[in-house]
2 protein chains.
Amino acid sequence: MKFEAVTIKDIAKALGLSTSTVSRALRDSYEISPETKNLVLEYAKQINYRPNPIALSLKEKRSRSIGVVVSEIANSFFSQAINGIESIAYSKGYHVIITQSLENYEREVMNMQFLSSRSIDGCILSVSTETEDFAHITDLYDRNLPIVCFDRIIENIDTHKVIVDNFKGAYDATDHLAKNGFKKIAILANSEFLSITKERLAGYKKALEDNNIKVDEKYIKACPHGGMIYEEVDEAMDELFKMKQKPDAIFASADKLTTNCMRYCKAHNINIPEDMAVIGFSNLDLTELLSPSLSVVRQPAFEMGRIAAELLIKMIESKRPETEFENIVLPAELFVRESSARKVKK
Amino acid sequence: MKFEAVTIKDIAKALGLSTSTVSRALRDSYEISPETKNLVLEYAKQINYRPNPIALSLKEKRSRSIGVVVSEIANSFFSQAINGIESIAYSKGYHVIITQSLENYEREVMNMQFLSSRSIDGCILSVSTETEDFAHITDLYDRNLPIVCFDRIIENIDTHKVIVDNFKGAYDATDHLAKNGFKKIAILANSEFLSITKERLAGYKKALEDNNIKVDEKYIKACPHGGMIYEEVDEAMDELFKMKQKPDAIFASADKLTTNCMRYCKAHNINIPEDMAVIGFSNLDLTELLSPSLSVVRQPAFEMGRIAAELLIKMIESKRPETEFENIVLPAELFVRESSARKVKK
DNA sequence: CACGATGTCGGGAACGATTGCGTAAAAAAA
DNA sequence: TTTTTTTACGCAATCGTTCCCGACATCGTG
């Protein structure tokens, strides 16, 4: 059972015209007499004719749709970014096909395959934590599929990239903790493959140095799936708390790391910020409702999505391959709340 | 600039064969000799041939993809449901195209149009709060597009429906508040157009009656956009708090209503549950991190998505139109936490 | 009256893939 | 050796749409 659409042929047959004439009438060609045009237009409206975009895609080799690959739509940052992407795409007549990798490499490859084979005109991508091999991306890019990277960018392709100033964001967060009297600042880091991990770690280290705090590698805990798996955060926290020199503050450098860190503290009756200050790199929109309210570095996710979509569509619609690529870096903003309140001497 | 895919013609030309032979070889037809098959298969792999699904869709009038229309992917309930949908769809070889209406009627119509014109094979739908006219849905359904409704169902089409027991969920929530000593229980209701609103309101009222509490219509506050717009919650809460007989408990009957209710209380220094108990109809996964931790009625969103996808695919793949439709009702589960703690006499 | 210009429209190929049908050549049966 | 069957492949239509051409009228002009 499938649903039968009205085609241009149906109109032609009903009106005793040829398909070419109908097609031209619908496209308002000058070659068609006003009477015929009206006839066709009216009949088309009457039977609710819709051009078949699949046929158009086949002919024009473009589909006016763009693909999005993110790790997880349930993540505030990504859902906000997607809203930004959609706002631009819709206004320019493009549709958006969203896929999620759930931090799984195979799924990411599958999604890219699906999107490319569905003849999307371009793709906006933030790689999964597991992605170490970029062949599935470079292959498509080399075959001229326009791709824009955002958030978690890769160096393997030369294209537009939209990121936040991860270094400064992490620096600000860490510096804020240090200035508030915390000296043993741990970091929950994301997968080591990710660009954002490297940048945020660098910011973290620089802030420590500038505050005359020695970087202790034991305070750096990597979570290969960015905290999507609770157990990896659990384990990292366990290790931190088993140390003789327990940290007095934690910088959770991703959305899921932040919430699962909070969860751990709650479950283990660790008081924030008395026992342990926490600041997150997170776009959660419930930060002020948490207990305690959560200090965060927040990314302009919506804006990032907007810009990425604009760049992609520019790329798609340009006549010849672009050679100049933009590397947009937006500022992250620090929001100080209770979870990182100044340390009180015991 | 567009990216040129390898076609079956390229293979045919390169190997001195006809397109039919190549096509059959790739499909492993018995009519093709093993040598030719190997030749084609190997060459195809070598140049990384991928069949063009657009061409296939045009020919077969099916795309092996299903559409999803929800109000907002940033909503925990929907993102969980989408994960459930995807888990089934992927395993059965279907792809999922997600769209969001953002509680906007025009966007919902647009999305449905887009999906149907993209030749999706079927659609899973939860209508927006604004949707009062269902023509865009019934039209497609009447033209034989398989549709499965979930969560916010409509009566206008006779098809499979997957919902939670909204009546019992709301009853349990309200009953729990009543049993905990609250007698002036208000409800933040969703748009009056929605099925879930009617069901949840009915459960709320029945629970009040069973606890010998008179239903007070002034305690029932409808938010036409389900709390997606903060101001409408703000206004509803203002009105509740301006009453002489202020309510002592609130049942927020949707995700966004719940969080925005909490936000209001926080902003107005209203202590939960001392000044006002709160229970939500919500799938938030941070409930235990909130301050105070939040009591909720939770829906089996993932499972709902799974079932909806299974029913839809069954519908798509059935030879003749189905006449027997299922009306799946899953239980909602009550989670009691701090925000609805037993009332202490002042 | 003849001829080009203009205005309208139809025929048919093309996009990529599948598939029913036709047909060579090779193999098997007579 | 002749006939029949099998094997292995090609031709062409099809899906819905666009667009290049060609083909008519009709009109104006010399």
Side-chain angles (χ1 to χ4, degrees), chain A residues 2-41 43-44 47-65 116-121 143-144, chain B residues 2-41 43-44 47-65 113-114 116-121 143-144:
Chain A
K2 57 193 55 160
F3 95 122
E4 308 286 344
V6 180
T7 78
I8 225 169
K9 281 186 195 170
D10 300 330
I11 302 181
K13 201 173 296 172
L15 265 41
L17 293 169
S18 75
T19 58
S20 353
T21 305
V22 175
S23 171
R24 272 184 274 253
L26 291 170
R27 310 211 127 234
D28 201 27
S29 160
Y30 70 97
E31 294 186 89
I32 306 298
S33 71
E35 301 87 61
T36 313
K37 255 183 215 174
N38 276 330
L39 188 69
V40 172
L41 252 31
Y43 185 71
I47 62 171
N48 195 31
Y49 166 79
R50 308 263 162 210
N52 181 332
I54 298 244
L56 279 176
S57 294
L58 179 60
K59 190 138 184 51
E60 298 181 1
K61 299 195 176 193
R62 65 182 309 216
S63 56
R64 291 198 80 80
S65 61
S116 71
S117 72
R118 291 292 298 177
S119 291
I120 51 160
D121 298 337
R143 289 198 285 152
N144 290 328
Chain B
K2 54 193 58 160
F3 99 121
E4 308 286 345
V6 180
T7 78
I8 222 167
K9 282 187 194 169
D10 301 328
I11 302 181
K13 201 173 295 171
L15 265 42
L17 293 168
S18 76
T19 58
S20 1
T21 305
V22 175
S23 171
R24 273 185 269 253
L26 291 170
R27 308 211 125 235
D28 200 29
S29 161
Y30 69 97
E31 294 187 88
I32 305 300
S33 71
E35 302 88 62
T36 314
K37 254 183 218 172
N38 275 329
L39 189 68
V40 171
L41 253 31
Y43 185 71
I47 62 172
N48 194 32
Y49 165 80
R50 307 266 161 208
N52 180 334
I54 299 243
L56 278 176
S57 294
L58 180 60
K59 184 138 183 57
E60 298 181 0
K61 300 195 175 190
R62 65 179 309 210
S63 57
R64 291 198 79 82
S65 61
Q113 285 292 354
F114 165 66
S116 71
S117 70
R118 292 290 298 177
S119 290
I120 51 159
D121 298 338
R143 289 198 284 152
N144 289 329

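Reminder, nothing fancy here: chain letters follow the sequence lines and each chain counts from 1.
- One interatomic measurement links the two molecules: CD of E60(A) to C1' of dG16(C), which rounds to 15 Å at whole-angstrom precision.
- Residues meeting the side chain to side chain donor-acceptor pair (under 3.5 Å) test with K37(B), sequence neighbours left out: D28(B).
- Across the protein-nucleic acid pair, N52(A) atom CG and dT18(D) atom P stand 10 Å apart, rounded to whole Å.
- One interatomic measurement links the two molecules: CD1 of I54(B) to C1' of dT18(C), which rounds to 17 Å at whole-angstrom precision.
- Contacts of S23(B) with the nucleic acid, taken as non-hydrogen atoms under 4.0 Å apart, include base atoms.
- S57(A) and I54(B) make their closest contact through CB-CD1, 3.6 Å (heavy atoms, listed as atom of the first residue, atom of the second, distance).
- Two residues are said to be in side-chain contact when any heavy atoms from C-beta on lie closer than 4.5 Å; V22(B) and L15(B) fail this criterion.
- Straight-line distance from the CG atom of L58(A) to the C1' atom of dC15(C): 4 Å, rounded to whole Å.
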Next item on the list: Show your working on side-chain contact (heavy atoms from CB on, under 4.5 Å) between I8(B) and L26(B) and close with a plain yes or no.
Entry: CA-CA 9 Å; I8(B) 222 167; L26(B) 291 170; 4.1 Å; yes
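- Atom CD1 of I8(B) and atom P of dC15(D) are 19 Å apart (whole Å).
- Between the P atom of dG10(D) and the CG atom of L15(B) lies a distance of 10 Å, rounded to the nearest Å.
- In terms of modelled atom types and a separation under 3.5 Å, the side chain of N38(B) and the main chain of E35(B) share no donor-acceptor contact.
- In this entry the distance linking CG of L56(A) with C1' of dG16(C) reads 15 Å, nearest Å.
- Each of I47(A), N52(A), N48(A) was checked for a side chain to side chain contact (heavy atoms under 4.5 Å, CB included) with V6(A), and the lone residue meeting it is I47(A).
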Margin query: For nucleotides 8-14 of chain C, give me one character per nucleotide, 5' to 3': B if any protein heavy atom sits under 4.0 Å from the base, S if the only such contacts are to the sugar-phosphate, - if neither.
Written below: BBBBB-B
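- To the nearest angstrom, P of dG16(D) lies 10 Å from NZ of K13(A).
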